Amino acid sequence: MSSLFEKQSWRLAYVSLRRFPHDRRAQRHFVNFAVVLVLFVGCVVADVAMLLAHAVDPWLRGMVLAVVSVALLGSGVRAVYMWLQERLEQRAALPSVSEDVRVGLAGQTVTLALLLQRAGSEECLAEKELHPSIVVTTRADGIARLKQHNLYAGLRLHSRGLFLLPDGEWSEEHRARIFTCWEDFEALRWAMSLSRDLVSIEYAPKHGWRDVLRIARGTENAIRKARLRPAWEIRPKRDEAKKYLDRCVSRMVTAGLIDAVPENANWQRKMEEIYERETHADLLVGHEYIREVDAPTLVWTAHRAARRLEILTVLTKIVSDESQPQALERYLEEKFSPVGYLDSEFSLAQ
């Protein structure tokens with residue numbers, strides 16, 4: 001019954017409703033949800049009607065309504081309590097990495113947020129149009145914030161070059177490369193405990209500039225609060241990303257969008273056979289199965305899954321002491337610096 005007060009339950013019910021006409025799994029889920037909802041509402045209405053029928057005194061009626069209201073809010077209060085308890089347990093838990101490593105990873109999170117903020121600002125300058133959700137920033141502001149936290153001196157070549165390029169001088173390719181890092185930012189923000197949850201790849205991403213600005217404009221607060229989650233929390237999200245990537249790749253091969261890798265051809269064919277046979281076990285993207293989505297959605301989902309898998313793998317290895325903390329910096333620098341960019345481009349900027 002308490003699931004009625006969880007956002008995830010309503011989201012799944014919406015997906016089931018959209019798929020209801022042609023999906024038996026969705027039909028079963030939606031009917032179960034609807035039955036629970038009707039029973040809950042019916043019980044509440046019946047109890048209120050019965051109590052009010054015997055409550056002639058207006059004062060007593062008010063008391064009954066107050067009791068019912070408290071009962072309805074009970075599950076909500078319980079959810080808040082569980083959230084607070086989780087936060088307290090996280091604070092009491094032993095740190096997953098040393099303080100120096102934590103600060104270094106927090107610095108990489110801040111650097112990525114500042115680059116995304118600068119990319120949005122450069123987009124406004126290029127289009128000569130202000131967007132309500134984007135705050136125009138300057139080269140000087142970004143560099144000042146980096147120096148404030150001793151991050152500027154440790155920047156790699158291309159990252160430093162992006163910050164040093166004059167305002168309005170980022171090329172379209174510069175902006176595009178940084179904008180491809182949205183998924184990295186969302187995963188990193190969650191892994192560093194700066195967001196409560198990492199939305200499943202099943203749902204369309206809701207990349208918001210507010211999340212970027214919260215870190216880019218509150219760098220000190222972000223570095224102080226950032227805390228790398230333990231490996232046992234990161235692995236399930238990483239494994240989910242791998243599951244979606246594998247499924248998207250097999251579907252793209254079947255659809256002729258990409259060529260099969262010879263050593264994986266048999267595995268991909270078997271995966272397609274399984275999902276063709278077990279049609280209602282396929283993975284969802286929005287309210288459609290992967291075999292039903294159009295090519296752009298399929299490619300975009302594969303991209304998101306691949307990027308999430310990459311960065312969460314890097315972070316899992318760091319927290320498990322299988323890789324050095326610098327692995328995250330190298331990973332992000334690779335995303336910032338396309339093959340073929342001349343180092344002289346940024347050397348001149350310096």
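Everything numeric here is computed off the predicted structure, so don't read it as measured data.
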Nearest-0.5 Å distance that lies between atom CG in Leu245 and atom CG in Leu309: 6.0 Å
Proximity of Trp182 and Trp300 rings by center, below 6.0 Å: no
Glu123 side chain reached by Phe179 side chain, heavy atoms, under 4.5 Å: yes
Ion pair Asp184/Arg308, N-O distance below 4.0 Å: no
Minimum heavy-atom distance Ala241-Ile201, with the two atoms named: CA-CD1, 3.8 Å
Glu202 and Val285, any side-chain heavy atoms less than 4.5 Å apart: no
Inter-residue atom distance Leu194.CG - Glu186.CD, 0.5 Å rounding: 11.5 Å
Nearest-0.5 Å distance that lies between atom CZ in Phe163 and atom CG in Leu146: 4.5 Å
Over all atoms of both residues, closest heavy-atom pair of Ser193 and Arg227: OG-O, 2.7 Å
Side chain to side chain contact (heavy atoms under 4.5 Å, CB included) partners of Thr137, counting only residues at least two apart: Gln117, Arg118, Ser121, Asp141
From Leu228 atom CG to Thr109 atom OG1, the distance as rounded to the nearest 0.5 Å: 9.0 Å
Side-chain (Thr219) to main-chain (Ile215) donor-acceptor, under 3.5 angstrom: no
Non-hydrogen atoms of Ala302 and Cys248 that approach each other most closely: CB-CB, 3.7 Å
N/O donor-acceptor pair under 3.5 Å between Thr111 side chain and Gly107 backbone: yes
Closest heavy-atom pair and its distance - Ile223, Arg102: O-NH1, 2.8 Å
Distance under 6.0 Å and angle within 45° of ring axis: Arg304 vs Tyr244: no
Side-chain touch His174/Glu122, heavy atoms, less than 4.5 angstrom: no
Electrostatic pair Arg139-Asp167, nearest N-O below 4.0 angstrom: no
Over 12 foreign heavy atoms within 6.0 Å of CD, Glu220: no
Side-chain donor-acceptor pair present, Ser159, Arg156, cut-off under 3.5 Å: no
Derivation of the side chain to side chain contact (heavy atoms under 4.5 Å, CB included) call for Tyr289 and Leu283: CA-CA 6 Å; Tyr289 289 125; Leu283 301 180; over 6 Å; no
Glu322: side chain to side chain contact (heavy atoms under 4.5 Å, CB included) partners, not counting sequence neighbours: Lys317, Ser320
Arg177 vs Phe336 side-chain heavy atoms within contact, under 4.5 Å: no
Exceeds 12 heavy-atom contacts within 6.0 angstrom, atom CG of Asp294: yes
Donor-acceptor pair, side chain of Arg291 and main chain of Asp282, under 3.5 angstrom: no
Any residue meeting side-chain hydrogen bond (donor to acceptor under 3.5 Å, both in side chains) with Lys243, in chain and number order, not counting sequence neighbours: none
Arg229 side chain to Trp190 backbone, donor-acceptor under 3.5 Å: yes
Side-chain heavy-atom pair Leu112, Cys181 within 4.5 angstrom cut-off: yes
Residue pair Leu151 / Leu155, side-chain heavy-atom distance below 4.5 Å: no
Nearest heavy atoms of Leu125 and Gly168, plus distance in Å: CD1-N, 3.6 Å
Presence of salt bridge, Lys242 and Asp239, under 4.0 angstrom: no
Pairwise side-chain contact, Tyr331 with Ile311, heavy-atom cut-off 4.5 Å (strictly under): yes
Distance in Å, Leu315 CG paired with Leu105 CG, rounded so as to fall on 0.5 Å steps: 7.0 Å
Glu310 with Lys335: basic N within carboxylate O range, under 4.0 Å: yes
Shortest non-hydrogen separation from Pro325 to Val101 and the atoms involved: CG-CG2, 3.5 Å
Partner set under side-chain hydrogen bond (donor to acceptor under 3.5 Å, both in side chains) for Asp197, not counting sequence neighbours: Lys237
Point-to-point distance, once rounded to the nearest 0.5 Å, from CG of Leu188 to CG of Leu332: 6.5 Å
Residues forming a side chain to side chain contact (heavy atoms under 4.5 Å, CB included) with Glu172, sequence neighbours excluded: Arg175
Check: Trp170 side chain, Leu162 main-chain N or O, donor-acceptor pair, under 3.5 Å: yes
Side chain to side chain, Glu329 and Glu333, heavy atoms closer than 4.5 Å: no
Which residues share a side chain to side chain contact (heavy atoms under 4.5 Å, CB included) with Glu169, sequence neighbours left out: Pro166
